[in-house]
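Contents: one structure, followed by commentary.
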Amino acid sequence: MPTEQPRNGQPRSEQPLTEQPRAEHPRTGPTRRRRRLTDAETARRTLDAALAMIERTGLTVSLDHLGFEDVIREAQVARAAVYRRWPYKGLFFSDLLKEIARNAPVAAGADGRIGEEAVRRVALERIEQFSTAEGRHELCVELLRTGALRDFEAMHASTQWRSYIALHATFLSLADEALQSEVRAALATAELELNGRIARSYERLAALLGLRLRPGLHTDFEALATHLGATMRGFVLTALARPGLGLRQPREGAFGTTSTADWSPPSLAVATTALACLEPDPAVTWDARHLAGVREALRATA
């Protein structure tokens, strides 16, 4: 993010704000005195209000479009308490950037995982397909297809996710090296947590379908999650300029299946990556006992 231009010989981020609150009409009638918020409550409400405003508008290369006084009004907190916490606008925005880095993937509700409730529902509906290798392959492809379609659409529509991507692309331009390091650390923590959730989701899917990672790749589910996350993120970012990348098109016999289904470029890319890394686990015997165990497990978690 570019450094703001100096004003009156001081960096803008170090100048006390002088914006005046908007005039309010005097209230009439009896009023109930509000409980005074603690400093921690004031900070949390103010940051939450700013995050909600960014969710509506998205993060730009700078935060000049976000008025500090507007944030305070949105949060409905005492102005004096906010300025005790953050005497300068730049101090508040430093904390806000770290908050975006920590919370955006989870808040966006688009974290790259296969929706496990949807997986269980589809698996129960097609429980008979587990009895053959061909049926399990068809089911695996279908679950990858529907999961990738849903994840792309959710991420592409989320302003919070776009803000998270924008922060990744711009945090190295922060002039304050200490703040840059703190934002980098917050992003790294969020990335590790996100990658772990994706990895565990795909590991459970593989176990359900009797699949394993191909031994010759010498990889693990964390690495697979990194590949899948980077693939999806690249499509989400590119589709901002090329919206047609998200369009679905019917394809017959994709990945050796016998059906016709709608695919988009992102869903094809995700399925290609996942299927290249997974294979049937020879240690799993699909006999009547194993099938009964899968059925009971699906019913118990549905």
Side-chain angles (χ1 to χ4, degrees), residues 48 50-60 99-125 139-169 186-187 189-206 208 221-222 224-251 254-255 261-275 301-302:
D48 285 345
L51 290 170
M53 294 170 73
I54 291 173
E55 181 180 355
R56 295 194 294 269
T57 63
L59 181 70
T60 62
E99 195 75 8
I100 293 170
R102 284 192 293 264
N103 296 333
V106 176
D111 55 12
R113 296 177 298 170
I114 294 179
E116 296 193 36
E117 287 190 14
V119 166
R120 288 193 291 269
R121 185 178 64 253
V122 173
L124 274 172
E125 291 171 354
L139 183 56
C140 178
V141 171
E142 177 61 13
L143 294 175
L144 291 170
R145 182 187 74 87
T146 56
L149 287 173
R150 183 189 56 254
D151 288 345
F152 173 81
E153 290 168 359
M155 293 166 71
H156 186 260
S158 170
T159 54
Q160 289 173 306
W161 188 258
R162 291 199 294 272
S163 295
Y164 183 69
I165 292 176
L167 186 56
H168 267 275
L187 287 171
T189 299
E191 283 293 305
L192 288 173
E193 292 176 356
L194 173 59
N195 202 70
R197 289 195 299 271
I198 298 172
R200 290 188 295 272
S201 181
Y202 275 87
E203 190 169 7
R204 285 189 287 267
L205 174 66
L208 174 68
F221 281 98
E222 295 284 340
L224 174 59
T226 299
H227 302 327
L228 294 170
T231 299
M232 181 62 76
R233 189 175 310 196
F235 274 102
V236 171
L237 183 59
T238 306
L240 296 176
R242 296 174 56 193
L245 283 179
L247 295 179
R248 304 182 182 193
Q249 179 181 347
R251 294 179 184 270
F255 302 104
D262 289 340
W263 290 85
S264 67
S267 63
L268 281 170
V270 166
T272 298
T273 303
L275 292 172
T301 54

With side chains defined as the heavy atoms from C-beta onward, is the minimum distance between P265 and F235 less than 4.5 Å? yes
Below 4.5 Å, heavy atoms only, C-beta onward: do L240 and H156 meet side chain to side chain? yes
Can you name the closest pair of heavy atoms from L224 and A274 and give their distance? CD1-CA, 4.3 Å
Under 3.5 Å, side chain of S158 to main-chain N/O of A154, donor-acceptor pair present? no
Partners of E203 by salt bridge (charged side-chain N to carboxylate O under 4.0 Å, His left out), sequence neighbours excluded? none
From CZ (R248) to CD (E153), nearest 0.5 Å: 4.5 Å
Return the CZ to CD distance between R120 and E125, rounded to the nearest 0.5 Å. 13.0 Å
Does a side-chain heavy-atom distance below 4.5 Å link F255 with T272? yes
Interatomic spacing from CG in L187 to CD1 in I100 - rounded to 0.5 Å: 10.0 Å
Give the minimum heavy-atom separation between S267 and A148, together with the two atoms involved. CA-CB, 3.6 Å
Once rounded to the nearest 0.5 Å, what's the spacing between atom NE2 of H227 and atom CG of N195? 10.0 Å
Please assess Y164 against M155 for the test side-chain contact (heavy atoms from CB on, under 4.5 Å), listing each intermediate value before the final yes or no. CA-CA 11 Å; Y164 183 69; M155 293 166 71; over 6 Å; no
From S264 OG over to R145 CZ, what is the distance, rounded to the nearest 0.5 angstrom? 9.5 Å
Do the non-hydrogen side-chain atoms of R233 and L237 ever get within less than 4.5 Å of each other? no
Does any part of the side chain of L275, heavy atoms only, come nearer than 4.5 Å to the side chain of C140, both counted from C-beta? yes
Looking at CH2 of W263 and CG of L149, how far apart are the two atoms once the value is rounded to the nearest 0.5 Å? 7.5 Å
Among V236, T226, T273, which residue satisfies the side chain to side chain contact (heavy atoms under 4.5 Å, CB included) criterion with T231? T273
Nearest non-hydrogen partners of L205 and L143, listed with the distance: CD1-CD1, 3.6 Å
Indicate yes or no: at least one non-hydrogen side-chain atom of L144 is less than 4.5 angstrom from one of Y202. yes
